[in-house]
*Asks:* 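I'd like to ask some things about the structure below.
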Number of protein chains: 2
Amino acid sequence: MTTQAGPDRATMEPSVGARPAELGLRERKKLRTRRALRMAAIRLVAERGLDGVSVDEIAAAAEVSTRTFFNYFPTKDDALVGIDPEDIREITEALAARPADEDPLAAVRAVMLQRAELIAPEQADLWRARLAIIRRHPHLMTASAASWSSYENALAEAVGRRCGLDPARDPYPAVLVAAALAIVRILSVRWQESPGAPLVDLLSQAFDSLARGLPPPPGASPA
Amino acid sequence: MTTQAGPDRATMEPSVGARPAELGLRERKKLRTRRALRMAAIRLVAERGLDGVSVDEIAAAAEVSTRTFFNYFPTKDDALVGIDPEDIREITEALAARPADEDPLAAVRAVMLQRAELIAPEQADLWRARLAIIRRHPHLMTASAASWSSYENALAEAVGRRCGLDPARDPYPAVLVAAALAIVRILSVRWQESPGAPLVDLLSQAFDSLARGLPPPPGASPA
DNA sequence: CTACAACCTTGTAGTCCCTGAATTTATTCT
DNA sequence: AGAATAAATTCAGGGACTACAAGGTTGTAG
């Protein structure tokens, strides 16, 4: 937490759900360091661009050594757009908590919308900064290196568990998850670009379209 | 083309369509260099793993300087899994050539299946090697840096042109393309893992499922 | 509260990726 | 052939990232 306004608004971190407060000092410090590094990375890169900021500077802003940075994130990119293992856990749990007879796509849709709801009011600024960075550096969009990949895998497993399919044998869960995440990815960036409609509405429409088999939308030319 | 068997099988390159033969010497040499670099990269990394091969070695194997490597590929990863601008052109043209009254998703599906057909018989080995590399280094899956991103954008524009939608305003083309490419990506890797069914069949089923709105498949548990 | 083990952080040294600029070599045009 | 153009090479350098070997902090058990 470098030279920032409110030192007590420690909850202004890209993560969404509540964390268990019962952690030892060591664990709490690790979470703080991780947050500080992530915030410093996002803030500095938002100001100066990806190539205008070195890992050394990010580490210095978070008041740890450069070497320590790489103990927390395998890559500079991951500090910016990587997915927290914590978030993955929350999402898969939310998915498992949906009613068992719910359609798989509907369940994934509900979880994603719920998270978009939670994000919108509180930490919109931080997410907008993040998305603006992604927009300016397209390789961050799909990438974020290994983390997005493990995200997909974890979600696919959760979906597979829901509907009794082995994701390693049946491609259905992986395809569903990939399509859903593509929607989140694309509409998030769009939402950042034009502050008009709420993100939840954009996602909702896109998921509707997906559930109907992506028919040509009303505005499309028929012939 | 280092110490390889047949120097005359120069057509064994990951690209698929036919190239116009009317090119100057300079252009032909550039294509050859690009191919040599790509092949050397895939071959060496398939043998020794991603971290066991340096750009210097790839360049040496292709008999150009290290600096020249970066004149052809912005990144080491791109030499392995990047998409050729040439391929993008071919695909968008194929998309434009589909009947105008065809459903957008059906058109994209047709183009992807057609390309899968062309790949299968001839260059299966090279593609298998490529896919095996991707499987061993998950960050290459989604990534390949900027090239997938521009691939998505180009395709989205082509789809938008087909159905009279501006991809910058309406998210439909981008979502459709992302879902389609996710299918290609996932099923390709799956096809590499288990050499059973032909790639075209796998893709065909997945596109069917997508067009029906991703309903839970037969094997799924209902309650 | 002290000893001890486990873990985290740090510094060092080095490899490799990637880039800009200047120079040299190869193709194309006239 | 000679001029114009484009590509390949050399050189110098910054920055990402890693293995290794200390040194500090935290948890734990007597």
Side-chain angles (χ1 to χ4, degrees), chain A residues 1 20-38 40-42 44-45 48-82 85 133 137-140 143-147, chain B residues 1 21-38 40-41 44-45 48-82 85 133 137-140 143-147:
Chain A
M1 216 40 97
E22 300 308 335
L23 290 175
L25 173 58
R26 187 177 273 166
E27 292 302 317
R28 269 179 291 148
K29 272 196 174 178
K30 273 171 66 177
L31 282 181
R32 273 224 309 274
T33 303
R34 192 181 180 85
R35 265 200 282 236
L37 282 170
R38 206 185 267 291
I42 292 173
L44 289 175
V45 172
R48 296 191 233 153
L50 187 57
D51 299 336
V53 180
S54 68
V55 171
D56 290 21
E57 292 170 304
I58 295 171
E63 306 196 277
V64 293
S65 74
T66 305
R67 186 61 185 80
T68 296
F69 176 94
F70 290 106
N71 288 341
Y72 283 88
F73 301 100
T75 288
K76 182 181 173 185
D77 292 355
D78 271 287
L80 293 167
V81 295
I133 291 169
H137 305 279
H139 82 272
L140 294 176
S144 93
S147 95
Chain B
M1 208 52 93
E22 299 308 333
L23 290 176
L25 173 58
R26 186 179 275 163
E27 292 303 316
R28 269 179 290 149
K29 272 197 173 177
K30 272 171 66 178
L31 284 180
R32 273 222 311 273
T33 303
R34 192 182 182 84
R35 264 200 282 235
L37 282 169
R38 205 186 267 292
L44 289 174
V45 172
R48 297 191 232 153
L50 188 57
D51 300 335
V53 180
S54 69
V55 171
D56 289 21
E57 292 170 304
I58 295 170
E63 305 195 278
V64 293
S65 74
T66 306
R67 187 63 180 82
T68 294
F69 175 96
F70 291 107
N71 288 339
Y72 282 88
F73 301 100
T75 289
K76 181 182 175 185
D77 292 354
D78 271 289
L80 293 165
V81 294
I133 291 170
H137 304 279
H139 84 273
L140 294 176
S144 93
S147 101

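Reminder, nothing fancy here: chain letters follow the sequence lines and each chain counts from 1. Side chains are part of it too, since the values below use all heavy atoms of this structure and drop only hydrogens, waters and symmetry mates.
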*Asks:* Which is the 5'-most and which the 3'-most nucleotide of DNA chain D that has an atom under 4.0 Å from a heavy atom of chain B?
*Replies:* D:dT5 to D:dT10

*Asks:* Whole Å only: how far is the CG atom of A:L37 from the C1' atom of C:dT9?
*Replies:*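 Between C1' of C:dT9 and CG of A:L37: 12 Å.
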
*Asks:* Could you check how far NZ of B:K76 sits from P of C:dT15, rounded to whole Å?
*Replies:*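 From B:K76 NZ to C:dT15 P: 16 Å.
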
*Asks:* Distances for protein N/O vs nucleotides 11-14 of chain C N/O pairs under 3.5 angstrom?
*Replies:*
residue : atom : partner : partner atom : Å
C:dG11  : O6   : A:R67   : NE           : 3.3

*Asks:* Where is the tightest heavy-atom contact between B:A61 and B:A40, given as atom of each residue plus distance?
*Replies:* CB-CB, 3.9 Å

*Asks:* Mind checking B:F73 for me? I need base, sugar-phosphate or nothing, with any heavy atom below 4.0 Å counting as a touch.
*Replies:* nothing

*Asks:* Considering residues at least two apart in sequence or located in another chain, which fulfil the side-chain contact (heavy atoms from CB on, under 4.5 Å) criterion with A:T66?
*Replies:* A:V55, A:D56, A:A59, A:F70

*Asks:* Just how far is it from atom CG of A:L80 to atom CD1 of A:I58, taken to the nearest 0.5 Å?
*Replies:*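 If we round to the nearest 0.5 Å, A:L80:CG and A:I58:CD1 are 6.0 Å apart.
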
*Asks:* Angle between the two end axes of the helix from C:dC1-D:dG30 to C:dT30-D:dA1, five base pairs per end, rounded to 10 degrees?
*Replies:*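 Computed angle between terminal axes is 30°.
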
*Asks:* Considering residues at least two apart in sequence or located in another chain, which fulfil the ring pair (Phe, Tyr, Trp, His ring centres under 6.0 Å) criterion with A:Y72?
*Replies:* none

*Asks:* Check the interface with nucleotides 28-30 of chain C: list each N/O to N/O pair with the protein under 3.5 Å, or write none.
*Replies:*
residue : atom : partner : partner atom : Å
C:dT28  : OP1  : B:L25   : N            : 2.9
C:dT28  : OP1  : B:R26   : N            : 3.0

*Asks:* Mind calculating the distance between NE2 (A:H139) and P (C:dC18) to the nearest angstrom?
*Replies:*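 Rounded to whole Å, this separation is 10 Å.
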
*Asks:* Looking at residues at least two apart in the chain, or sitting in another chain, which of them share a salt bridge (Lys or Arg N to Asp or Glu O under 4.0 Å) with B:R48?
*Replies:* B:E57

*Asks:* If you assign each of B:K29 and B:S54 to its closest nucleotide in DNA chain C, which residue comes earlier from the 5' end?
*Replies:*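 Per heavy-atom nearest nucleotide, the more 5' residue is B:S54.
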
*Asks:* Report yes if a side-chain nitrogen or oxygen of A:K30 is closer than 4.0 Å to either non-bridging phosphate oxygen (OP1 or OP2) of C:dC8; otherwise report no.
*Replies:*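 Yes.
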
*Asks:* Are B:H139 and B:L50 close enough that some pair of their side-chain heavy atoms sits under 4.5 Å apart?
*Replies:* yes

*Asks:* Sequence neighbours left out, what passes salt bridge (Lys or Arg N to Asp or Glu O under 4.0 Å) with A:E27? Give chain and number order.
*Replies:* none

*Asks:* Which value, rounded to the nearest 0.5 Å, describes the distance between A:K30 atom NZ and A:L25 atom CG?
*Replies:* 12.0 Å

*Asks:* Side chain of B:S65, backbone of B:T68: donor and acceptor closer than 3.5 Å?
*Replies:* yes

*Asks:* Specify the closest pair of heavy atoms between A:F69 and A:A79, including all atoms of both residues, with the distance to one decimal.
*Replies:* CZ-CB, 3.7 Å

*Asks:* List in chain and number order the residues that pass salt bridge (Lys or Arg N to Asp or Glu O under 4.0 Å) with A:R67, two or more places apart in sequence or in another chain; answer none if no residue qualifies.
*Replies:*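 Here no residue qualifies.
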
*Asks:* Whole Å only: how far is the CZ atom of A:F69 from the P atom of C:dT9?
*Replies:*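 The answer, rounded to whole Å, is 13 Å.
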
